[in-house]
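Since the structure is predicted, the reported quantities are computational estimates derived from the model, not experimental observations. Just the heavy atoms: all of them, side chains too, but no hydrogens, waters or symmetry mates, feed the values below. Numbers for residues simply follow the sequence, beginning at 1.
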Amino acid sequence: MATLAMQLLGCDVAALNTVHFSNHTGYMQFKGTRATAEQITELYEGLCQSNLTDFDVMLSGYAPSAAAVEAVGTIGMDLQRKAEKNPGSFFWVLDPVMGDQGRLYVNDDVVPAYKKMIHHADLILPNQFEAEVLSGIKITSLSTLAEAITAIHATYSVPHVIITSVDLSRFSQSPSTQTTPPDSLAIIGSTIRSDGSPRLFRIDVPALDCYFSGTGDMFAALTVARLREAVFTSDPQLRTTKSWVSPDDVRATDLPLAQATVKVLASMHSVLEKTMEARDAELRVADTRGDEQLSEEERRKRVHLRKSKAAEVRLVRHVQFLREPTVEFQAQEWRKEDLPPSASQ
């Protein structure tokens, strides 16, 4: 998913796969293997020996073990060292894939491995649960959400953060949450100022009643392409600024990170809407003969597999929405009164 999304937006990609599976894990069954730390390192060494490491962006995602996380981190830090004399020439986007919906789906030792590595990254893309794990703050309101982002900036010295999905409907009601459209998700982003304080923006998008696999990878990949594009078309000096951090006078909604996220979400919403339409059409004509003769467990499994296949993201056939998104959802700057004192000082 990630490789294809970047390629469709014109990026040349060297993909070091960390798993080799027959299908994504949303099917709840698969065949294949996970890459070891040694295999990941060996692939990178192969790129190095042929002088194929002149990358300006690295995207790191799922790693199957703590050792694999460390191997990926070593690659990122090596590329950073090679770019030290040219600030802004290399940017690391790190998706700390650890869990979701209140639970880890990696081994416990993966968490400290990520915590040790994150301060080297330029942008991280945790979901709400991962942001809680990294910050140590339970996110139950806009105030605690802002506290978590502020803590991540401060603890890991990471310049940019996007929390990729927050269900604001679960928060206690306040003047700011009452304006949130029903059945919507919020994507929260921030780029630090020179004093380390956050510049927060949020984008609300409608929630779609379907479970899709690969949307996290899709979001990360599109962010790579769109952020690079936004940086290269804004202030020319930003291209030679470490971590692409905009001057303090740039408002949150004018940040390249916000401009990029707006386009990313426009593309994703269109592709996923089209996927839902195709899923519904496919399920309407699905062959269900023989289902009634199966045991309850076998029937549930067949239905799950049928729905999983029907909900495969239709990325290739809707590439036009990636390349020419129709922007519907705008970034909003968080007002000072929306934030707790610790995040607004």
Side-chain angles (χ1 to χ4, degrees), residues 1-11 13 56-61 91-97 100 121-128 130-131 149 158-168 184-191 199-208 210 212-234 238 243-244 246 252-276 313-333:
M1 175 69 81
T3 299
L4 179 61
M6 285 186 283
Q7 288 173 331
L8 290 173
L9 287 181
C11 299
V13 182
D56 54 9
V57 180
M58 170 175 160
L59 170 62
S60 57
F91 192 94
W92 183 358
V93 180
L94 188 156
D95 186 359
V97 181
D100 200 1
D122 298 294
L123 164 64
I124 64 168
L125 306 173
N127 58 33
Q128 181 175 337
E130 291 159 347
I149 293 175
V158 62
H160 308 274
V161 178
I162 297 177
I163 300 183
T164 55
S165 58
V166 180
D167 186 355
L168 296 181
S184 66
L185 297 174
I187 288 75
I188 314 295
S190 173
T191 294
R199 278 174 282 188
L200 290 156
F201 64 88
R202 99 185 205 199
I203 306 169
D204 297 331
V205 298
L208 299 177
C210 181
F212 304 101
S213 290
T215 53
D217 290 329
M218 183 180 177
F219 182 92
L222 295 179
T223 298
V224 166
R226 290 304 185 187
L227 179 57
R228 186 178 181 277
E229 173 190 75
V231 167
F232 278 43
T233 56
S234 61
L238 201 56
S243 298
W244 298 344
S246 300
T253 51
D254 294 328
L255 292 166
L257 192 65
Q259 297 169 353
T261 307
V262 163
K263 285 191 174 182
V264 169
L265 293 175
S267 291
M268 290 190 64
H269 189 73
S270 295
V271 170
L272 296 180
E273 275 194 324
K274 292 297 184 181
T275 296
M276 278 189 63
V313 177
R314 270 63 168 187
L315 190 65
V316 175
R317 66 197 69 181
H318 297 300
V319 63
Q320 72 270 25
F321 296 119
L322 268 61
R323 292 174 175 160
E324 298 179 3
T326 300
V327 173
E328 298 180 55
F329 320 110
Q330 298 294 339
Q332 309 168 52
E333 186 170 4

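- Side-chain contact between L59 and V57: absent, with no pair of heavy atoms (C-beta onward) separated by less than 4.5 Å.
- A donor-acceptor pair is defined here as one N or O able to donate and one able to accept, closer than 3.5 Å; such a pair exists between the side chain of T275 and the backbone of R314.
- With D204 contributing its side chain and A186 its backbone, the two residues share no donor-acceptor pair below 3.5 Å.
- Closest non-hydrogen pair, A252 versus A258, comes out as O-CB, 3.4 Å.
- Q7 CD: more than 12 foreign heavy atoms inside a 6.0 Å radius.
- Minimum heavy-atom separation, T223 to F219: OG1-O, 2.7 Å.
- Residues F201 and T261 meet the side-chain proximity criterion, which asks for heavy atoms closer than 4.5 Å.
- For the pair I149 and S190, the tightest heavy-atom approach, listed with the atom from each and the gap, is CG2-CB, 3.8 Å.
- With a 4.5 Å cut-off on side-chain heavy atoms, L208 and H269 count as touching.
- Here the closest non-hydrogen pair linking L322 and R226 is O-NH2, 2.7 Å.
- In this structure, E130 contributes its side chain and D100 its backbone to no donor-acceptor pair below 3.5 Å.
- Residues K274 and H318 are in side-chain contact: their nearest non-hydrogen atoms beyond the backbone lie under 4.5 Å apart.
- E328 CD to S270 OG: the interatomic distance, rounded to the nearest 0.5 Å, is 6.0 Å.
- Closest heavy-atom contact between S234 and P256: OG-CG, 4.1 Å.
- Counting only distance, with no hydrogens or angles, the side chain of S267 and the backbone of F321 share a donor-acceptor pair below 3.5 Å.
- Between W244 and the options L227, L257, L255, a side chain to side chain contact (heavy atoms under 4.5 Å, CB included) holds for only L227.
- Side chain of R323 to main chain of L8: a donor-acceptor pair is present (N/O by atom type, distance under 3.5 Å, no hydrogens or angles).
- Residues A207 and L185 share a closest heavy-atom pair of CB-CG, 4.1 Å.
- In this structure, CE in M268 is found 12.5 Å from CD in E273, a value given to the nearest 0.5 Å.
- In this structure, D217 CG and L222 CG are separated by 10.5 Å, a value rounded to the nearest 0.5 Å.
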Requested in this report: Take F91 and R228, measure what side-chain contact (heavy atoms from CB on, under 4.5 Å) needs, and give me the verdict at the end.
Outcome: CA-CA 9 Å; F91 192 94; R228 186 178 181 277; over 6 Å; no

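- Remark: Q332 CD to L200 CG distance equals 12.5 Å, nearest 0.5 Å.
- In this structure, CG on D254 lies 6.5 Å from CD on Q259, to the nearest 0.5 angstrom.
- For S213, the side chain to side chain contact (heavy atoms under 4.5 Å, CB included) partners two or more places apart in sequence, or in a different chain, are H24, Y211.
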Requested in this report: Could you walk me through whether M218 and V271 pass the side-chain contact (heavy atoms from CB on, under 4.5 Å) test, one step at a time?
Outcome: CA-CA 11 Å; M218 183 180 177; V271 170; 4.0 Å; yes

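- In this structure, the separation between OG on S184 and CD1 on I203 is 12.5 Å, given to the nearest 0.5 Å.
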